[in-house]
Structures are given as structure tokens and as C-alpha cells.
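Since the model is a prediction, treat every value here as computed from it, not as a measurement. We use all heavy atoms of the structure for the numbers below, so side chains are in, but hydrogens, waters and symmetry mates are not.
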Amino acid sequence: ERRRRAPRELGGGLRRAGRRVGAGLPAGGGAQGCPVQPGTMVFGCRVADGHKLWVTCTGGIGAPLSLIDVLLIAQSRRGVVLALEPATGAIRWRRHVGPSRAPAVEGDSGVVIVATIDSLFRLNGADGKVLTRIPTPGVILSNWVRRGPDLIAGTTDSLVIGFRAADLG
């Protein structure tokens, strides 16, 4: 296993080499940065000194992390969506919906919107229950772009799709 020195702004020390993605966490909420290791864990770290605050086993991550309302949303390569508590890393809920490559986005009234390889899901942010599932015209790989009330993304079939989150329910 290769290791390399962490940058000085993270307080030095050692860290594992590999791809890292993350989501900024709210100030004052404990963890403020959450790098992901290509293995099976999500880490919560203090930005000021890089100190590891918590570790949660999630399985390999298949899409960028998202901070939605008060949840850190992680999507595993095996198609499981996990809602983590940003301050502690505790798993609030998990729901199997299928593999995803695009980050989850916030819908209306605490809803989490997840695009899998063949469907768009609206999940209840409180418990992860599937509220709506609709087919998509291709795999969504791009990050979602917000334009007013609309969400826009591109597919592998060279299509650009757009919708209003409120119209999904």
C-alpha cells in the first residue's frame, strides 16, 4: 500500500494515495470536509488541521458526495444510497436504488433526488423511502445544473434533460 505525506494545510502526517472526492460540511457542525477513500470508507475531517473526526464504512463510492439539508448523501457502487449525519458519520438510513454516477440533488421539502443508470428517484429525506420512480432516456453522468426551479443534466445518449423537482411528485 502506497502512502504519501499530506499537504501542510492538512497538518502534515500520512494519508493513503488515491482518488478523493468530497462535500463541504456546515461550519460549526463538527466535520467540515469529507474526503472519500477509493476503498470502502467515508471520513469526516476538520478543515483547519485535517484531524479525522469520524469514519463510516460505506462500500466503494460511485458518485460524488452531496450535502442535502442536514444529510451527507453517499452513493455506493453497488447502488445503495446512504444518508450520513455530517457531525458524527452515523448512518441515518440506507436505500438500494441502483448504481449512480451523478451526485444526488435536493428536491422540494426535504426530498433527495437520485439518478441511477435507468431511473430518477425521489427519496424522502427523513427515512429514505422511495416516493417516485420514473425512467430516464439515458444514463445521467453529468452533475445537475440548477436554473431557477429547473434541474438540467446530460445523458450518455447525448441528450440534455430538464425538469422541475416539484413536478416529479
State, yes or no, whether a side-chain contact exists between [X] and [Y] at a heavy-atom distance under 4.5 Å.
{"X": "V81", "Y": "F121", "result": "no"}
{"X": "I61", "Y": "R77", "result": "no"}
{"X": "V130", "Y": "L123", "result": "yes"}
{"X": "R133", "Y": "T116", "result": "no"}

Using 0.5 Å steps for rounding, measure from the [atom1] atom of [X] to the [atom2] atom of [Y].
{"X": "T136", "Y": "I161", "atom1": "OG1", "atom2": "CD1", "answer": "6.0 Å"}
{"X": "L120", "Y": "F163", "atom1": "CG", "atom2": "CZ", "answer": "4.5 Å"}
{"X": "T88", "Y": "I91", "atom1": "OG1", "atom2": "CD1", "answer": "10.0 Å"}

Sequence neighbours left out, what passes side-chain contact (heavy atoms from CB on, under 4.5 Å) with [X]? Give chain and number order.
{"X": "V145", "result": "R147"}
{"X": "V105", "result": "I113, W144, L151"}
{"X": "A104", "result": "S66, I68, I73, Q75, V112, V114"}
{"X": "A126", "result": "N124"}

Considering only residues two or more places apart or on different chains, which pairs with a residue in residues 154-166 satisfy side-chain hydrogen bond (donor to acceptor under 3.5 Å, both in side chains)?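 Sorted result for residues 154-166: D150-R164.
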Shortest non-hydrogen contact from [X] toward [Y]:
{"X": "A90", "Y": "T56", "result": "N-OG1, 4.4 Å"}
{"X": "R122", "Y": "V111", "result": "NH2-CG2, 3.5 Å"}
{"X": "L84", "Y": "G89", "result": "CD2-O, 3.8 Å"}

So, does S76 use its side chain to make a donor-acceptor pair with the main chain of T58 at under 3.5 Å?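 Between the backbone of T58 and the side chain of S76 there is no qualifying donor-acceptor contact (under 3.5 Å).
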State whether D127 and R94 are salt-bridged, where the test is any N-O pair (Lys NZ or Arg NE/NH1/NH2 against Asp/Glu carboxylate O) under 4.0 Å.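 Not counted as a salt bridge, because no side-chain N and carboxylate O are separated by less than 4.0 Å.
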Share the residues that join V139 in a hydrophobic cluster, the rule being Ile, Leu, Val, Met, Phe, Trp or Tyr side chains under 4.5 Å apart at the heavy-atom level. I117, L141
